[in-house]
Number of protein chains: 2
Amino acid sequence: MAAAETPDETTVGLGGHPADAAVETIHRELTAFARRARASAGRMHPELSLVSYTLLGHLEERDGLRATDLAAHYALDKSTVSRQVSALERAGLIERRVDPDDQRVQVLHLTEAGRHILGQVTESRRAAFRERLAGWPAQDLIRFAAYLERYNAWPGGEPDRAAPRDTYGGRGTH
Amino acid sequence: MAAAETPDETTVGLGGHPADAAVETIHRELTAFARRARASAGRMHPELSLVSYTLLGHLEERDGLRATDLAAHYALDKSTVSRQVSALERAGLIERRVDPDDQRVQVLHLTEAGRHILGQVTESRRAAFRERLAGWPAQDLIRFAAYLERYNAWPGGEPDRAAPRDTYGGRGTH
DNA sequence: CTTGCTGGTTGCACAATACAACTCCGCTAC
DNA sequence: GTAGCGGAGTTGTATTGTGCAACCAGCAAG
């Protein structure tokens with residue numbers, strides 16, 4: 001799957017090639033998707049914003065993360081995460097516990113309620129996705145999923161813990 | 001989390017099958033992407049927010065759209081579009097002209113400045129995407145692009161003009 | 001002309017976010 | 001030890017995108 005070869009920038013680097021158009025399309029479609037994701041997510045579950053949902057989902061996968069981890073993972077400011085986490089805690093969906101090894105650190109855990117809500121939301125979100133993907137051949141689904149994973153896994157894209165994240169030239173104003 | 005999988009497989013596949021996992025992955029990855037798109041876009045081009053960029057891009061493709069069209073297309077509230085359009089106009093990137101056939105309607109056009117800026121932003125955004133997609137075989141790029149298009153083209157998803165948008169049925173009075 | 005619909009704008013509220021200043025804590029150097 | 005540095009979180013402040021509701025302005029029927 002790696003397809004590490006194809007070093008030929010020629011494939012993706014030159015204007016006018018089908019591949020170039022593809023990049024353009026990917027760019028546009030992904031952006032369009034992003035534009036809507038938030039809106040629809042909000043409509044579906046007023047209870048859980050897209051952010052909250054995402055954070056919660058992340059916690060479900062890896063219990064015991066620190067706020068900083070989440071911030072790094074999503075390229076969010078710590079303050080944002082802090083507030084989101086506070087909200088989540090206030091809502092009783094997660095718990096913050098001080099790491100015995102390092103008093104500065106707060107380890108985050110999903111509560112039962114959190115797990116429950118997350119389950120519901122995931123279920124209905126998944127249903128929507130499934131509906132949307134109905135009719136797709138399994139083969140395509142698998143490939144699509146793989147592409148997305150590959151895309152998101154780009155180094156610098158998801159600096160999971162201790163990551164440089166110079167992807168975007170650091171602090172911007174690029 | 002594919003634990004309690006309700007096997008309504010008729011849709012995309014059979015519970016617990018690779019296809020189902022794929023849907024799950026698509027769901028997760030797409031969401032993760034959405035979470036970041038905005039942030040990175042903002043960092044890259046303070047000049048043009050993701051929304052503005054998107055709207056502008058849309059106008060480039062189809063000159064002479066109405067604000068309502070954009071709203072429907074992106075599932076945004078008309079007020080939001082109205083404000084964005086105003087901003088864009090204030091910035092001299094687009095022009096609003098009254099439709100001679102219907103005085104209520106404002107037809108939107110890109111100005112030269114708008115086209116120019118859009119070109120720049122598109123170029124650098126494309127560069128980023130291209131960098132990220134470098135090394136992908138052309139075949140994969142094309143397929144990926146096609147998948148995304150197919151995904152976004154879902155009937156309820158992009159109600160171009162006259163949109164029922166009952167996709168997400170519930171009007172979560174937020 | 002009155003009613004009703006559609007496109008658009010404005011007032012208001014709110015959520016998400018960034019940035020900066022600050023507190024706490026742990027670690028290292030003196 | 002104490003001082004100072006750096007990392008984790010929190011809080012203050014401002015900005016932006018957003019939706020909803022109320023509103024105004026044309027068009028189309030009756």
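A, B, ... follow the sequence lines: proteins, then strands. Residue 1 opens every chain. Remember, predicted model here, so these are calculated numbers, not experimental data. Just so it is clear, the values below take in all heavy atoms, side chains as well, and ignore hydrogens, waters and symmetry mates.
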Rounded to the nearest Å, what distance is computed from the [atom1] atom of residue [X] to the [atom2] atom of nucleotide [N]?
X      : N      : atom1 : atom2 : answer
A:D99  : C:dC27 : CG    : P     : 11 Å
A:D77  : D:dT10 : CG    : P     : 12 Å
B:L55  : D:dG17 : CG    : P     : 10 Å
A:Q103 : D:dA8  : CD    : P     : 15 Å
A:D102 : C:dC24 : CG    : P     : 16 Å
A:Q106 : C:dC25 : CD    : C1'   : 12 Å
B:L76  : D:dT16 : CG    : P     : 17 Å
A:Y53  : C:dA16 : OH    : P     : 16 Å

Mind checking what makes salt bridge (charged side-chain N to carboxylate O under 4.0 Å, His left out) contact with [X], not counting sequence neighbours?
X      : value
B:D102 : B:R104
B:E95  : none
A:D63  : none

Q.
side-chain contact (heavy atoms from CB on, under 4.5 Å), that's the test. Do A:L56 and A:V121 meet it? Break it down for me.
A. CA-CA 11 Å; A:L56 228 48; A:V121 174; over 6 Å; no
(Q) Just to verify, what does A:T80 make a side-chain contact (heavy atoms from CB on, under 4.5 Å) with, not counting sequence neighbours? (A) A:L76, A:D77, A:Q84
Q | side-chain contact (heavy atoms from CB on, under 4.5 Å) involving A:Q103 - partner list, sequence neighbours excluded | A | A:V98
Q: With DNA chain C as reference, determine whether A:D101 or B:V107 sits nearer its 5' end, using the nearest nucleotide of each.
A: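 It is B:V107, whose closest nucleotide lies nearer the 5' terminus.
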(Q) Short of 4.0 Å, heavy atom to strand atom, which residues of residues 78-90 of chain B count as contacting DNA chain D? (A) B:S79, B:T80, B:R83, B:Q84
Q.
Can you tell me how the ring of B:W136 sits relative to the ring of A:Y151, calling it parallel under 30°, perpendicular over 60° and tilted otherwise?
A.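 Answer is perpendicular, since the angle exceeds 60°.
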Q | Residues forming a side chain to side chain donor-acceptor pair (under 3.5 Å) with A:Y53, sequence neighbours excluded | A |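 A:Y53: side chain to side chain donor-acceptor pair (under 3.5 Å) contacts with A:T122, B:H27.
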**Q.** Residues in side chain to side chain donor-acceptor pair (under 3.5 Å) contact with B:E123, at least two apart in sequence or another chain
**A.** B:R126
Could you run down the sub-3.5 Å N/O contacts of the protein with nucleotides 3-6 of chain C?
unit_1, atom_1, unit_2, atom_2, d
C:dT6, O4', B:R104, NH1, 3.4
C:dT6, O2, B:R104, NH1, 3.1

